[in-house]
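Here the structure is laid out as C-alpha cells; the discussion comes afterwards.
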Amino acid sequence: MPGLGQGGRERALVEAVRIRPDRRGDGLGAELMRRAVERARGRGCGPVQLTSDKRRGTPGEKSGLSPLA
C-alpha cells in the first residue's frame with residue numbers, strides 16, 4: 001500500500017500471524033517475518049508493518065521490527 005512517508009514508497013502490511021502453541025519458541029515466527037521482509041524489500045517496499053494483538057506479546061521484536069508508539 002502506498003505511504004506518505006519515505007517519498008511515497010510502498011509499505012508492506014503483515015497481519016494475523018499465528019503460530020501453533022506447540023511450535024512457539026523455536027524461531028518459526030521469526031523465520032516467517034524474515035521471509036516476509038525479504039519479499040517486501042524485493043518488491044521495493046520501504047516500511048514493513050506488522051499488526052498484532054498486544055495480549056500476545058511483541059512478535060516483531062524478535063525479528064528486528066520496532067514497535068510504533
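Fair warning: this is a prediction, and the values are worked out from it, not measured in the lab.
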Indicate yes or no for a side-chain donor-acceptor contact from Arg11 to the backbone of Val48 under 3.5 Å, with no hydrogens or angles considered.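 No: the side chain of Arg11 does not pair with the backbone of Val48.
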
Please walk me through it: do Val14 and Met33 pass side-chain contact (heavy atoms from CB on, under 4.5 Å)? CA-CA 8 Å; Val14 180; Met33 287 307 304; 3.9 Å; yes

Taking every non-hydrogen atom, the tightest pair across Ile19 and Arg24: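 That would be O-NE, 2.8 Å.
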
Might you point out which heavy atoms bring Ala40 and Ala12 nearest each other, and give the distance in Å?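 Shortest heavy-atom separation between Ala40 and Ala12 comes out as CB-CB, 3.5 Å.
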
Contacts of type side-chain hydrogen bond (donor to acceptor under 3.5 Å, both in side chains), residue Arg35, not counting sequence neighbours: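 With sequence neighbours excluded, Arg35 shows a side-chain hydrogen bond (donor to acceptor under 3.5 Å, both in side chains) to Glu31, given in chain and number order.
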
Got Leu13 and Glu15 here, is their nearest side-chain heavy-atom distance under 4.5 Å?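 In short, these two side chains touch, coming nearer than 4.5 Å.
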
Evaluate whether atom CZ of Arg41 has more than 12 neighbouring non-hydrogen atoms of other residues, nucleotides or ligands under 6.0 angstrom away.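 Atom CZ in Arg41 is crowded, with more than 12 foreign heavy atoms closer than 6.0 Å.
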
